[in-house]
Amino acid sequence: MKDLSVQNVSMVYELPRGGSVQALQDVSFDLEAGRLLTLLGPSGCGKTTLLNIIAGFLAPTGGAVTLGGDPITGPGQERGMVFQQGALFEWQNVAQNVAFGPRMNHRKKSETKDLVDGLLNTVGLTGFGDKAIYELSGGMQQRVALARCLANEPEVILMDEPLGALDALTREKMQGLILKLWKETGKTIILVTHSVEEALFLGDKLFVMAPRPGRIEQAYELPFAEVGLTSDPRKLKASAEFIDKREELLSMIWGMEEQIMGHEGGMS
Amino acid sequence: MKDLSVQNVSMVYELPRGGSVQALQDVSFDLEAGRLLTLLGPSGCGKTTLLNIIAGFLAPTGGAVTLGGDPITGPGQERGMVFQQGALFEWQNVAQNVAFGPRMNHRKKSETKDLVDGLLNTVGLTGFGDKAIYELSGGMQQRVALARCLANEPEVILMDEPLGALDALTREKMQGLILKLWKETGKTIILVTHSVEEALFLGDKLFVMAPRPGRIEQAYELPFAEVGLTSDPRKLKASAEFIDKREELLSMIWGMEEQIMGHEGGMS
Amino acid sequence: MSDHIPAPAAETAATFGRFDRRRGNQSRKTVTFGDASEVTTSKVWMVFSLGGLMLIWWLVTRGPEPMIAEKTFPGQRAVWDAFTRWLREGYRRGSAWEHTWASLSRVLKGLLIGTVIGIPVGFAMGLSRRLRGIFDPIVELFRPIPPLALLPLFIMWFGIGEQSKVNLLVWASVWVMIIAARAGVLGVGGSKVHAAYSLGANRWQILRYVILPNALPEVFTGVRVALGVSWGTLVAAELLGTEVGLGATIYIASRFFRMDIVVVNILVIGVIGVAMDIVMRVLEARLIPWRGKG
Amino acid sequence: MSDHIPAPAAETAATFGRFDRRRGNQSRKTVTFGDASEVTTSKVWMVFSLGGLMLIWWLVTRGPEPMIAEKTFPGQRAVWDAFTRWLREGYRRGSAWEHTWASLSRVLKGLLIGTVIGIPVGFAMGLSRRLRGIFDPIVELFRPIPPLALLPLFIMWFGIGEQSKVNLLVWASVWVMIIAARAGVLGVGGSKVHAAYSLGANRWQILRYVILPNALPEVFTGVRVALGVSWGTLVAAELLGTEVGLGATIYIASRFFRMDIVVVNILVIGVIGVAMDIVMRVLEARLIPWRGKG
Amino acid sequence: GSGGDSSPETTAATTTDAPTTTAVAVDTGGLDELNVAYFLEWPTANQVAQAEQTYDDVLGLTVNWWPFASGNDMALAMESGDIDISYSQGLTPFANYVTSGADHVIVGVAVSYADADNCVAHPDYGVSQDNAASSLAGQNIYTPIGNVTHFKLLKMLEHLGVDLDGVSLIPSEGGPAAVAAFENGDVAMACAFGGAINTMLAAGGNLVMTGSEQEALGIRVFDIISIPRSFGDDHPSVVTAFLQVTEDANAAYASDRGSLEETIAAAAGMDVAGSNSLLDAFTFLDRDSQLSDAWLGGTVQAAMKEQMDFFVAQGEIDTALDSYDAVVDTSYLEGVR
Ligand SMILES: Nc1ncnc2c1ncn2[C@@H]1O[C@H](COP(=O)(O)OP(=O)(O)OP(=O)(O)O)[C@@H](O)[C@H]1O
Ligand SMILES: Nc1ncnc2c1ncn2[C@@H]1O[C@H](COP(=O)(O)OP(=O)(O)OP(=O)(O)O)[C@@H](O)[C@H]1O
Ligand SMILES: [Mg+2]
Ligand SMILES: [Mg+2]
């Protein structure tokens with residue numbers, strides 16, 4: 001397993017009508033293999049940009065990212081991405097979606113089939129292989145996306161607001177699944193979320209990011225993910241420790257928001 | 001002010017390929033003027049259907065809805081609707097959107113202008129009148145939608161997941177605004193949400209709905225909305241009472257989900 | 001991508017009774033004006049409409065002194081007679097079937113070639129700045145050129161055989177297909193392509209397994225539009241030297257003022273156009289079941 | 001509503017240097033193949049492309065024994081001479097400006113009438129099951145009818161004056177406009193209509209303040225497509241009773257084997273087509289600033 | 001003809017000042033515009049009067065000249081009421097149209113042009129009068145349809161013993177298409193009129209029969225002047241005056257072609273050489289010739305009958321009229337001096 005290292009990464013978007021946006025400024029961190037990092041922050045603080053750089057879709061304007069010492073220059077199978085929604089191939093059925101990676105890599109059909117069956121089982125979709133994507137609910141689709149990503153055995157899984165579109169209850173189930181996968185496979189996971197609770201609950205490590213310029217404002221090491229699977233998640237979320245942490249984060253972010261969004265007109 | 005009365009409302013959708021869905025079955029309740037009712041429940045339990053029936057967009061297949069004793073047969077200005085998103089008129093600027101209702105009713109221009117200014121001030125958008133809709137953030141757009149709805153002085157405000165698309169922080173601000181409006185204007189509000197926390201925090205009254213057939217599973221009278229404005233909302237949400245209630249609801253809904261969604265494949 | 005025009009009668013699926021999605025719940029909407037889901041085709045009124053057309057036709061052509069002179073626009077009786085005779089005897093050197101097949105096969109060939117050229121070009125324009133730079137001026141400049149203006153050039157270059165006619169129909173359809181294919185590529189969600197790259201796909205695999213299927217709906221719509229345009233260009237194409245074909249028949253018959261035959265052939269083209277559109281819609285529903293559901 | 005085809009060259013805005021949205025960040029994408037936002041038009045390659053066309057043209061027509069015979073397709077020198085002479089002296093009875101204006105005004109009139117008819121019909125089809133039932137068969141049946149097949153009927157009904165020509169251009173554009181307007185209505189978000197009703201709007205107000213502006217983008221795209229189709233029908237429209245017009249010039253000049261004049265007029269049509277498309281795009285950006293941002 | 005013996009100078013003066021004909025007061029019958037169709041592809045003698053607006057002056061009307069590419073379209077335009085007089089309409093389209101029931105009449109003969117309308121054989125096929133039957137068998141012939149060229153071709157093939165079922169006639173859209181098809185080599189023979197013939201001959205083609213040989217067979221190739229019968233009934237003196245100006249212009253041309261060539265070419269939109277080579281093949285008949293038995297005195301009527309019967313036999317149309325006498329009305333021409 002490889003460690004991820006982000007060194008002085010900056011990203012400046014030039015705007016079409018002139019001017020530029022500093023989406024990320026001098027972001028540095030190291031993430032050891034097997035950690036679950038959650039990224040939390042207001043809109044526009046560069047979460048997606050950072051994920052895209054790590055995924056290799058964007059090259060930073062400054063700095064570098066390495067995985068196990070090798071610089072990242074483009075997309076690669078060792079870094080899988082799970083998008084918020086809409087990234088499944090709706091012209092393929094569930095099994096074909098999951099088998100996409102192995103197929104692109106010309107893996108044996110029989111081998112792939114077993115792999116797919118195993119993954120569908122893992123994400124609780126046994127028997128759904130021949131369903132069409134559009135026949136699934138949002139939560140089920142997210143599970144397919146996760147399975148598809150896992151099929152290539154990536155070292156790092158990047159998730160950009162994967163649960164944003166789900167309702168509260170499905171979301172809670174998916175959180176459980178992510179924790180379980182993380183525990184069982186030991187993969188490195190970076191997960192972007194807008195939900196403070198989710199960031200706390202899932203994150204083994206948490207960065208609160210701030211915008212203008214996009215940066216890591218605060219980093220936390222968190223205990224909840226470790227115990228999230230074994231103890232009752234709802235009890236955990238109702239624990240005093242959890243709630244304290246949450247309030248701390250909320251206050252901080254609320255302050256950040258005020259400062260940023262103040263110009264939009266306060267709500268007295 | 002008028003009381004709302006829903007009597008034995010049923011709604012059966014016939015499906016194109018035969019068969020039918022019982023979206024609502026025999027739903028009855030009375031809502032006194034000036035209450036804030038939140039509706040919570042899993043996907044497909046008929047929340048939107050109920051709102052549409054009250055708004056007058058749909059006629060129920062059984063039962064009747066009356067407002068102040070008068071039966072509802074179609075849309076009316078005394079019942080305003082705030083949609084989740086996308087219902088603003090993007091070809092009009094902010095002020096024109098807010099002025100839409102008065103304009104349709106041929107109200108005096110000067111009068112309307114004052115009204116719009118006042119409402120924009122209420123929702124914290126003073127000075128944003130001549131902005132284009134697409135220049136606003138999601139949270140600001142929701143505030144415009146709210147102001148537009150208020151411009152017609154409806155007796156009842158119906159909101160279908162109005163905050164679903166907002167990030168956690170903006171969402172919290174909007175919750176405050178809704179509470180404030182409710183307190184100040186004394187309007188009857190019915191608000192649909194997927195978030196347990198939101199339903200608890202905002203609801204003066206809360207219905208937990210269940211699907212197949214769509215029905216009201218449980219009704220609660222809640223204290224939080226009453227105090228939500230005066231006390232610190234985050235403290236309130238962290239209070240033991242709030243958390244207990246939340247856990248109670250979550251357990252209930254989780255059970256409901258299991259029962260309903262079980263066939264989608266459990267996540268062990 | 002926000003620049004789309006609708007496929008012809010994209011929503012008329014219901015017209016032909018295959019996909020009628022309304023039933024039952026229609027009576028429950030209190031608001032129907034402005035509600036797209038309420039607006040399917042009323043079959044009853046469709047029948048009224050066709051009946052009305054027939055009635056107007058009958059009214060303006062009836063009697064010994066019709067409102068529209070017989071030789072300008074023949075009555076139903078005359079057209080029916082001409083039709084049955086055309087079915088039995090054909091026209092000039094060809095049977096009804098030969099005329100129909102000649103035109104149909106030209107249109108289909110033209111469309112096929114137009115599609116085979118248009119898709120790669122449109123894809124290229126959607127995928128590469130360079131190729132887009134190369135093709136853009138060509139497409140924009142050539143697109144408005146009237147097919148009729150090309151007749152002499154086409155005869156000179158391609159002769160008067162089938163190739164010439166098919167080429168004119170290719171001309172008619174290829175621009176539509178290029179534009180449709182390009183739009184199809186541009187409509188590919190960035191995240192799908194990114195996902196595929198992350199899953200280890202190479203460019204060729206991206207093209208084959210992501211871009212192509214994603215563009216299919218737009219390509220299909222392009223084919224339907226191109227079909228309409230091709231039929232509309234048929235007379236011009238068959239001016240390029242043939243006496244067999246519906247377009248040629250229209251031209252020749254009009255030279256002899258045989259308006260009955262002209263009208264029969266116009267109607268045959270109309271009906272074939274409708275029929276092919278139905279076929280395309282059925283194919284579309286089969287081949288792109290995910291359309292509109294993504 | 002999922003059934004759309006793209007406006008012609010919807011995305012070529014950048015072609016003409018007005019809306020070039022790319023800059024700076026182009027070099028930062030590691031993945032460009034398949035990424036629509038990366039595919040703008042390369043101006044350099046556009047110049048190469050036009051240059052290449054000119055070069056090919058020059059190569060195939062150069063020398064005393066050109067690959068394509070002079071009288072089939074004239075060389076650049078001859079076309080340039082014909083062009084300057086056309087500018088100075090016009091052709092037959094009209095000056096260059098008169099020919100151009102005659103055609104342009106016919107196309108614009110046809111389009112205007114086509115739009116004025118097409119929008120209400122399209123709206124009606126999008127708003128009422130009944131009217132949809134009534135118009136559907138008419139639209140589907142008439143759409144594929146070749147304009148050339150209609151010439152004899154149009155002469156008889158509308159004579160040989162301007163009306164006949166304009167009407168043929170109306171025919172060419174009205175189906176496109178109907179379909180575009182209908183799609184525009186069907187694309188109106190149900191919640192917008194519902195919101196307007198709840199705010200006290202009546203049907204007329206819904207139509208005027210909600211449906212019309214909402215359909216504008218589709219209508220605009222329809223106009224752009226219809227423009228292309230109209231230019232393509234110009235020669236057919238000007239076959240009759242006129243010698244003034246670009247289409248008439250092409251036809252007449254070809255009867256006199258003046259391929260230099262034919263090519264000049266073809267190019268003029270192409271360039272005007274491009275120019276009008278640019279105008280439409282600028283208008284669109286002005287009039288529908290919210291397009292693609294809703 | 002009154003101008004028959006005028007010198008060129010006086011002809012010019014005559015047409016400009018119009019002393020002869022303005023003497024006759026034209027009863028325009030409330031008409032203030034006259035719409036005349038003419039054939040856009042070739043030069044005619046009366047184009048001098050057209051260019052110099054003699055018609056307008058003499059008739060006291062605004063005369064609108066509408067260019068047409070085929071006699072068929074002229075017939076349809078007369079039917080629509082937009083055209084009052086068709087000058088130089090082919091006999092065959094006219095006959096076709098009256099056969100289909102139109103009430104149009106011939107009021108004069110515009111131009112006879114046996115040599116300007118012909119079929120040119122492609123050199124590769126070696127077609128001659130002697131071997132036509134065999135050399136054309138199974139070949140393509142490119143020809144306009146439903147006009148005099150078409151009729152002439154069919155008559156010629158019949159005369160040469162060519163099996164009509166054994167050749168395919170490919171409908172052509174005019175001269176350039178014919179030349180293109182010819183040069184492309186897909187056709188053994190291409191038929192056209194006007195400049196296209198010269199172009200094909202220059203490209204190595206050969207005539208299978210000359211115009212005079214065809215005339216000897218009784219194939220007449222000429223264009224007529226026609227009107228809707230009702231127009232003549234309503235405005236007889238306008239029609240007569242129109243024919244009078246035409247007659248005068250023809251006479252002026254006959255007496256001094258050279259000085260008019262440039263005006264004619266310009267009016268026809270052609271270069272002088274091209275215009276002249278066509279004019280060489282044209283004969284503009286004077287009043288008396290037109291009224292003689294060889295023309296409107298009976299031959300034209302018979303020619304129509306023959307053509308239509310022939311087309312019936314060929315299956316192009318279902319029935320012909322019993323007689324075409326009623327579609328010729330010489331009363332107007334008789335009023336011309
Ligand atoms: N392609 C681009 N061109 C120009 N600016 C961009 C581009 N992509 C992002 N930005 C800007 O960079 C900043 C960071 O964007 P990014 O999408 O990374 O934020 P984010 O944290 O993911 O926000 P969100 O929570 O809304 O998804 C924002 O100000 C955004 O407007
Ligand atoms: N127009 C319709 N035709 C047929 N069935 C419908 C229609 N609208 C809703 N339904 C069905 O009725 C049930 C209730 O739908 P409704 O939209 O009211 O649920 P909801 O509680 O708002 O769900 P969500 O949380 O997903 O918005 C669902 O099973 C749904 O599939
Ligand atoms: Mg983001
Ligand atoms: Mg809902």
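Worth knowing before you read on, the calculation uses all heavy atoms, side chains too, and leaves out hydrogens, waters and symmetry mates.
- For the residue pair A/M104 and C/Q205, the shortest heavy atom distance occurs at O-NE2, 2.9 Å.
- The structure places CD1 of A/I157 at 11.5 Å from OG of C/S198, a figure rounded to the nearest 0.5 Å.
- Below 30°, between 30° and 60°, or above 60°: for A/F57 and C/H194 the angle between ring planes is below 30°, a parallel geometry.
- Proximity to chain A involves both the backbone and the side chain of C/V210, based on heavy atoms less than 4.5 angstrom apart.
- A donor-acceptor pair is defined here as one N or O able to donate and one able to accept, closer than 3.5 Å; no such pair exists between the side chain of C/W290 and the backbone of A/Q92.
- Counting non-hydrogen atoms of other residues, nucleotides and ligands closer than 6.0 Å to CD of A/E32 gives a total above 12.
- In this structure, chain A has heavy atoms under 4.5 Å from both the backbone and the side chain of C/N214.
- More than 12 heavy atoms of other residues, nucleotides or ligands sit less than 6.0 Å from atom NZ of A/K205.
- A pairwise comparison of heavy atoms in C/L199 and A/N152 identifies O-ND2, 2.8 Å as the closest pair.
- Annotation: the span from C/Y197 atom OH to A/M81 atom CE amounts to 15.0 Å, rounded to 0.5 Å.
- Closest of all the heavy-atom pairs between A/F89 and C/A196 is CZ-CB, 4.0 Å.
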